Structure formats: C-alpha cells, structure tokens
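So the structure is just underneath, and the comments pick up after that.
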There are 2 protein chains.
Amino acid sequence: MMHLILADSELEIIPKKIIKHPAVRNSKSKILDASLHHAAMKGLKQWQRRGRPDIVHVFLLIANESILNKEGMLRTYVHTRNDEVIYIKPETRIIKNYNRFKGLMEQLFEHGKVPPENEALMEMRKENLEKLLDKLEGKRILFSMDGERRKLEDIMEEDVICIIGGFPSGDFLSPVHKMVDEVVSIYHEMLPAWIVGIEAIVAYENKFVN
Amino acid sequence: MMHLILADSELEIIPKKIIKHPAVRNSKSKILDASLHHAAMKGLKQWQRRGRPDIVHVFLLIANESILNKEGMLRTYVHTRNDEVIYIKPETRIIKNYNRFKGLMEQLFEHGKVPPENEALMEMRKENLEKLLDKLEGKRILFSMDGERRKLEDIMEEDVICIIGGFPSGDFLSPVHKMVDEVVSIYHEMLPAWIVGIEAIVAYENKFVN
C-alpha cells in the first residue's frame with residue numbers, strides 16, 4: 001500500500017482578519033483563494049504562499065484517478081497548514097470543476113465530512129502530521145529539494161508513505177524532517193506537488209503493479 | 001522528442017444555437033462549460049461529451065510542468081472537436097486558476113494567440129489532426145481502450161507522437177485510427193486524459209531521460 005500525504009497544504013477558510021476587505025466581502029466561496037483574494041491577503045503573515053486550493057484540487061485529480069488508486073493500492077490524505085487532515089476514500093470521484101471543488105472543501109470545514117448526510121467520502125479531522133503518521137505503516141519518504149537525489153524505483157517499498165508539500169514555495173511548516181526515514185529530491189528545480197505525486201505513483205506502479 | 005496531442009478535445013465557444021438560453025445568457029465566460037451550461041446543452045447534438053475545458057486545463061498542467069517538458073523533450077498540442085490546433089510553447093507556464101485559464105482560451109479563439117500583443121506562448125490555428133501529424137516526426141501511438149494491452153516502456157521510441165482523447169466518454173471524432181502506427185491500451189477501464197498523459201510522459205522519462 002502507498003500512503004500519499006499532501007502536507008502543510010495551503011487550504012483554509014478566509015481568516016476573520018480580512019473578511020471585511022473589499023476583495024473578499026463579496027466572495028462566493030469561503031475558501032481562501034490567492035487568485036481571487038490577492039489584494040486582501042497582504043494583511044496576512046506568509047501571504048505569498050497561502051490560499052492555494054487549486055494545488056489540492058489538481059493533486060487529488062491525479063491521485064484518485066490514478067491506476068494505482070483504481071487497483072486499490074493507494075490511500076490519499078490532505079494535511080493543512082492549520083493541522084487538519086482530510087481522509088479521502090479511494091472510491092471518491094474528485095469533482096472536476098474547480099469552483100464546485102471549493103464548495104466541497106467549504107462543506108468539509110463546516111460539517112467535518114462530505115457528503116454530510118450519508119456515509120462520508122471525505123472526512124476532516126483536527127490532527128497534526130505526527131498523529132497521522134503514527135497511524136500509518138511503511139517507510140516514510142519526504143520529498144524535498146534539500147534531500148538526496150535518488151531514483152524513485154530504487155527506494156520504493158511495498159509499504160510506503162510519501163509526503164509531499166502542498167504549498168507553492170518556501171519550506172514545510174511542520175517539523176516533518178524529523179519524522180521521516182529518508183528525504184529525497186527527484187529534480188534540481190522546484191516541481192508542483194502534483195508532478196511529484198505523479199512521479200511517486202508511477203514509480204510505485206512500475207515496481208508493484210502487474 | 002515526445003509530441004503529445006490531446007485530440008478531439010471538447011473545447012469550444014458557446015454555440016450560437018444556445019446563446020440565449022437562461023443558463024448561458026449571463027455566463028461570464030464564452031467558453032462552453034458543461035458544469036455551468038448543462039441545462040442549455042441538451043439542445044446540442046452530442047451534448048453529453050461537450051464543454052470540457054477542465055480536461056484541457058488539467059492535461060496542460062501535468063504536461064507543461066512535467067520533468068520531461070522542463071528537460072526540453074516534450075511538445076504539447078491541443079486539437080479540438082472543430083479542428084483547431086493550439087500550439088503551446090514549452091516555456092509556457094499554464095495558469096493554475098481554472099477561471100482564468102478559460103479566459104485565456106477565450107482570447108485564443110478571439111485573437112488566435114496568447115498573449116495577443118507579444119510573441120505568442122500559445123497559438124491557435126485552423127487545422128485538422130491529419131495536417132498536424134504530417135508536420136511531426138516519430139512513431140504514432142494512439143491510446144484507446146480498443147487497442148492492444150502493452151507495457152509503455154516497451155513501445156516508446158525516442159521520436160514518438162502520443163495521441164490521447166480529450167473527451168470524457170465515447171470515441172474519437174477524427175478518423176485517427178487510420179493515421180497511426182499502433183493503437184495501445186494501458187488499462188482495462190476508461191482513464192481520464194491526464195492520467196494517460198502522465199503514464200506516457202513518465203514512461204518516456206524512464207526510458208530516455210538521465
């Protein structure tokens with residue numbers, strides 16, 4: 001089984017501090033989104049990296065539709081900057097439309113699960129990365145540019161936990177370097193989270209599927 | 001070099017026939033989008049598969065940010081249901097926000113290039129798949145569920161053209177089966193276009209990069 005964690009992802013409700021800003025006041029969605037709320041965000045610390053539900057969306061579109069997931073060998077988790085963790089059932093079909101996806105994320109923050117009435121496909125719990133990792137079994141690999149350059153197929157094990165940053169720039173907020181077995185770099189430039197996810201998933205498929 | 005073609009993709013301007021429908025009239029974007037215009041689309045033939053700019057968007061996000069593209073070994077093209085072809089320069093950074101991406105597509109239909117004033121990063125030409133293929137060199141591989149099940153690394157060649165359907169269901173509209181060297185299936189279920197793209201790109205990377 002591969003456990004895939006998008007860590008410290010920049011997914012959050014619009015902070016109260018900027019809720020009355022003109023760039024935010026008429027926002028249809030309560031999810032902070034840098035592409036809409038840019039003007040208001042300068043009042044927030046670390047504003048340059050925040051408000052990136054788009055990264056979460058594309059990451060989940062590649063993970064949950066992957067062959068590895070369809071084969072039942074992938075579990076995906078989204079950990080946020082404020083230490084929430086979204087548990088996603090493998091059978092979840094991630095909604096393709098970005099605006100509706102944000103609507104679902106809003107429901108998660110509000111009700112803790114989606115859909116709220118039936119058996120949940122996604123569930124959000126207040127939890128930090130360390131607690132999440134404690135529950136999972138496997139070699140812990142952190143993807144980071146400061147890691148050692150390795151070929152992915154060489155380091156994949158049948159039970160593996162891959163941790164990828166869900167932020168556009170900067171470093172992990174969580175003390176994740178202390179929690180892992182190996183820190184790995186797969187390229188000499190920053191890559192978007194979903195590209196790192198792709199490379200990890202396909203490397204695992206090549207080694208353990210078929 | 002790998003040439004990657006998203007073929008018969010469901011990208012188009014809202015057809016005149018439905019432009020006065022209430023579900024369309026107040027639409028901010030001129031790009032047909034099934035998730036917004038669903039109620040109006042039933043008046044169109046083949047409406048179930050049309051209006052999927054989201055597929056194009058995610059496909060380009062995985063292609064243009066891939067390691068293969070950063071290494072200069074990938075060229076990406078989007079061919080549409082109405083025989084337009086978008087040429088995308090490898091250095092193009094695909095805009096992450098879906099709504100803005102649709103805005104760019106609208107500009108492409110309007111001006112033929114983006115950005116309109118400077119040297120274009122994306123260019124749209126009236127062209128069918130056959131004409132596009134005539135310009136490119138390499139083994140032509142079509143990805144389709146009716147193809148032969150093959151391991152991708154076995155069939156990749158250094159010069160290769162990979163053709164992937166840019167529609168959510170059904171079959172190619174273009175007579176593409178006649179134009180290719182090999183028809184290949186990589187899984188026993190339908191996969192989204194971007195997942196097929198991922199598998200092709202990473203197989204090529206594993207064989208020819210490094």
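On a predicted model such as this, the values are computed, not experimentally measured, just so you know. Below, all heavy atoms of this structure are taken into account, side chains as well, without hydrogens, waters or symmetry copies. All chains are named by letter (A, B, ...) in the order of the sequence lines, taking the proteins before the strands, and each is independently numbered beginning at 1.
Side-chain contact between A/R100 and B/S35: present, with at least one pair of heavy atoms (C-beta onward) separated by less than 4.5 Å. Using a 4.5 Å heavy-atom threshold, the side chains of A/E71 and B/Y187 count as touching. Inter-residue side-chain proximity for A/E199 and B/I201 is flagged as unmet; no heavy-atom pair is nearer than 4.5 Å.
Within a 6.0 Å radius of CZ in A/R93, other residues, nucleotides and ligands contribute 12 heavy atoms or fewer. The neighbour count for A/E137 CD, taken as heavy atoms of other residues, nucleotides or ligands under 6.0 Å away, does not exceed 12. Other residues, nucleotides and ligands contribute over 12 non-hydrogen atoms within 6.0 Å of the CD atom of B/E189. Atom NZ of B/K207 has more than 12 heavy atoms from other residues, nucleotides or ligands within 6.0 Å. More than 12 heavy-atom neighbours from other residues, nucleotides or ligands sit within 6.0 angstrom of NZ on A/K139. When the shell of 6.0 Å around CD of B/E153 is examined, it contains more than 12 heavy atoms from other residues, nucleotides or ligands.
Note: B/L191 CG to A/S66 OG = 9.5 Å, rounded to the nearest 0.5 Å. Atoms CD1 and CG, from B/I195 and A/L68 in turn, are 10.5 Å apart once rounded to the nearest 0.5 Å.
Between the A/W194 side chain and the B/E65 main chain, no donor and acceptor come within less than 3.5 Å of each other.
Taking B/V58, B/I95, B/N97 one by one and counting their heavy-atom pairs under 4.5 Å with chain A, the maximum is reached by B/N97.
Minimum heavy-atom separation, B/K96 to A/R52: CG-NH2, 3.6 Å.
If you measure heavy-atom distances from B/K70 to chain A, the contacts under 4.5 Å come from both the backbone and the side chain. Both the backbone and the side chain of B/I67 come within contact range of chain A, with heavy atoms under 4.5 Å apart. Contact annotation for A/L61: both backbone and side-chain heavy atoms come within less than 4.5 Å of a heavy atom of chain B.
A/N99 and B/N99 form a side-chain donor-acceptor contact under 3.5 Å, judged by distance and modelled atom types alone.
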